[in-house]
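Everything on this sheet refers to the single structure shown next.
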Amino acid sequence: MVDLLPMTELTLHEAMTLIQIANGWDGAADICETDVTRLQTLGLVEQRGASIGLTTTGRQRIVQLRRA
């Protein structure tokens, strides 16, 4: 499935937060709540009980970030 929405630019901090979540953020390291809120608004992450996980779009964005 191809994402037809234009890719929204992430700040460096938002990208780093997304990567932390993708790498299995366990709550030990601090992450910025503002970044998490924006990532949720963009549909890149979602709340899963007590944790935060990537959405399908979030996983696609990680692939794009790793290629850059």
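Start at 1 with the first residue, then count along the sequence. All figures in this text were calculated on a predicted structure; none of them were measured in a lab.
The shortest heavy-atom contact between Ile31 and Gln20 is CG2-OE1, 3.0 Å. Arg48 approaches Leu54 most closely through the heavy-atom pair NH2-O, 2.5 Å. Residues Gly58 and Leu18 come closest through the heavy atom pair O-CD2, 4.5 Å. Nearest approach of Ile52 to Ile21, heavy atoms of both residues: O-CG2, 3.6 Å.
Here CG of Leu65 is found 6.5 Å from CG of Leu10. Values are rounded to the nearest 0.5 Å. Taking OG1 from Thr17 and CD from Glu33, the interatomic distance works out to 9.5 Å, rounded to the nearest 0.5 Å.
Side-chain atoms of Thr41 and Arg38 include no donor-acceptor pair closer than 3.5 Å.
Residue Gln47 places its CD atom among more than 12 non-hydrogen atoms of other residues, nucleotides or ligands, all under 6.0 Å distant.
Cluster annotation: Trp25 and Leu39 are assigned to the same hydrophobic cluster (Ile/Leu/Val/Met/Phe/Trp/Tyr, side-chain heavy-atom contacts under 4.5 Å, transitive).
Between Thr8 and Glu14 there is no side-chain heavy-atom pair separated by less than 4.5 Å.
Side chain of Arg61 to backbone of Leu44: no donor-acceptor contact under 3.5 angstrom is found.
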